[in-house]
Amino acid sequence: MSDNPVLLAEERSEFGKGAARRARRAGKVPTVLYGHGAEPRHLDVPGHDLFLIVRGTKNALVELKIDGKTQLALVKDVQVHPVRRDILHADFLAVKAGEKVDVEVPLVLVGEAAPATQAAIEEHTITVKASATAIPESIEVDITGLVAGTVVRASDLVLPKGVECELDAEKDIVIISELAAEEEAAPEAPEAE
């Protein structure tokens, strides 16, 4: 048994706004499962369970139980209500255990650059190709001691084994620059009497 979260999914026979609203009132989220050249499947999954799975992670891998069969799927898109923040809809991409997929992964800066410098992040996420079962949560960029004028490019990233960066090798990721010199305080004008 795998350690992926399991969602019990039901095939949807009704479509449209009314059907979606009825599903949400029943605590379910309308979803679509697509991929591998098959026709898209319209499903309903438990809303609270889906919320717990996608909370805090960008590329969640789940096992969908549909009519007694299991399908490994990657959560590709989640639509959230702008005020209530509950999930309105989700898209799943059907995947196989060894299959490589393109996903966006956040970048995380580690360490401190040299004194009197600042780091400007040019890319907050990068697209990588990774095995569906080994998607990294983030890619760390170590800026410890980097001096002004240093540029970290896509080719400089240290990626986990089996993960490939889909960006151009010369793409700037982080630029280290000098802190702007603080402007000297202007002399105070004499107070009017």
A side-chain contact here means heavy atoms from C-beta on lying under 4.5 Å apart; do [X] and [Y] qualify?
X      : Y      : value
Leu8   : Leu64  : no
Val101 : Leu74  : yes
Ile173 : Leu167 : yes
Leu7   : Phe92  : yes
Asp44  : Val29  : no
Ile126 : Leu107 : yes
Arg12  : Val32  : yes
Thr133 : Leu72  : yes

Under 4.5 Å between side-chain heavy atoms, hopping through other hydrophobics if needed: is there a path connecting [X] to [Y]?
X     : Y      : value
Val54 : Leu43  : yes
Ile87 : Leu61  : no
Val75 : Val6   : no
Val62 : Val103 : no
Ile53 : Val95  : no

Nearest heavy atoms of [X] and [Y], plus distance in Å:
X      : Y      : answer
Asp168 : Ala154 : O-CB, 3.3 Å
Ala97  : Ser131 : O-OG, 3.6 Å
Ala134 : Val163 : O-CG2, 4.5 Å
Ala119 : Val174 : CB-CG1, 4.0 Å

Does a sphere of radius 6.0 Å around CD in Glu104 hold more than 12 heavy atoms from other residues, nucleotides or ligands, not counting ones at 6.0 Å or beyond?
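More than 12 heavy atoms, drawn from other residues, nucleotides or ligands, come within 6.0 Å of this atom.
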Other residues, nucleotides and ligands only: do more than 12 of their heavy atoms fall within 6.0 Å of CD on Glu11?
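Yes - once you tally the heavy atoms of other residues, nucleotides and ligands closer than 6.0 Å, there are more than 12.
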Could you go step by step and tell me if Glu63 and Gln71 meet the side-chain contact (heavy atoms from CB on, under 4.5 Å) rule?
CA-CA 6 Å; Glu63 287 184 26; Gln71 172 63 59; over 6 Å; no
Which ILVMFWY residues can you reach from Val158 by hopping between side chains whose heavy atoms are under 4.5 Å apart?
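Members other than Val158 - counting any ILVMFWY side chain reachable under 4.5 Å - there are none.
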The test is side-chain contact (heavy atoms from CB on, under 4.5 Å); show your working for Leu88 and Val78 and say whether it passes.
CA-CA 8 Å; Leu88 299 175; Val78 176; over 6 Å; no
What donor-acceptor contacts under 3.5 angstrom involve side-chain atoms of residues 139-148, with partners at least two apart or in another chain?
residue	atom	partner	partner atom	Å
Asp142	OD1	Thr144	N	3.0
Asp142	OD1	Thr144	OG1	2.5

Name each donor-acceptor pair under 3.5 Å that joins a side chain in residues 33-40 to protein atoms two or more places apart or in another chain, with its distance.
residue	atom	partner	partner atom	Å
His36	NE2	Ala94	O	2.9
His36	NE2	Glu99	OE1	3.1

Under the salt bridge (Lys or Arg N to Asp or Glu O under 4.0 Å) rule, what pairs show up with a residue in residues 113-139, not counting sequence neighbours?
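Sorted result for residues 113-139: Asp102-Lys129, Glu123-Lys171.
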Pairs meeting criterion salt bridge (Lys or Arg N to Asp or Glu O under 4.0 Å) with involvement of residues 64-80, two or more places apart
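Not a single pair qualifies under salt bridge (Lys or Arg N to Asp or Glu O under 4.0 Å).
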Going from CG on Leu50 to NE2 on His89, what distance comes out if it is rounded to the nearest 0.5 angstrom?
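Going from the CG atom of Leu50 to the NE2 atom of His89 covers 10.5 Å.
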Working for side-chain contact (heavy atoms from CB on, under 4.5 Å), residues Glu164 and Lys100:
CA-CA 10 Å; Glu164 303 164 20; Lys100 291 232 177 190; 3.8 Å; yes
Listed by chain and number, what are the side-chain contact (heavy atoms from CB on, under 4.5 Å) partners of Arg153, not counting sequence neighbours?
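Result, side-chain contact (heavy atoms from CB on, under 4.5 Å) vs Arg153: Val151, Ser155, Asp156, Glu170, Asp172.
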So does Glu166 get a backbone contact from the side chain of Thr127, meaning a donor-acceptor N/O pair under 3.5 Å?
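No, Thr127 side chain to Glu166 backbone: no donor-acceptor pair under 3.5 Å.
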Main chain of Val80, side chain of Asp86: is a donor-acceptor contact present, judged purely on distance under 3.5 Å?
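The answer is no, because no donor-acceptor pair under 3.5 Å joins these two groups.
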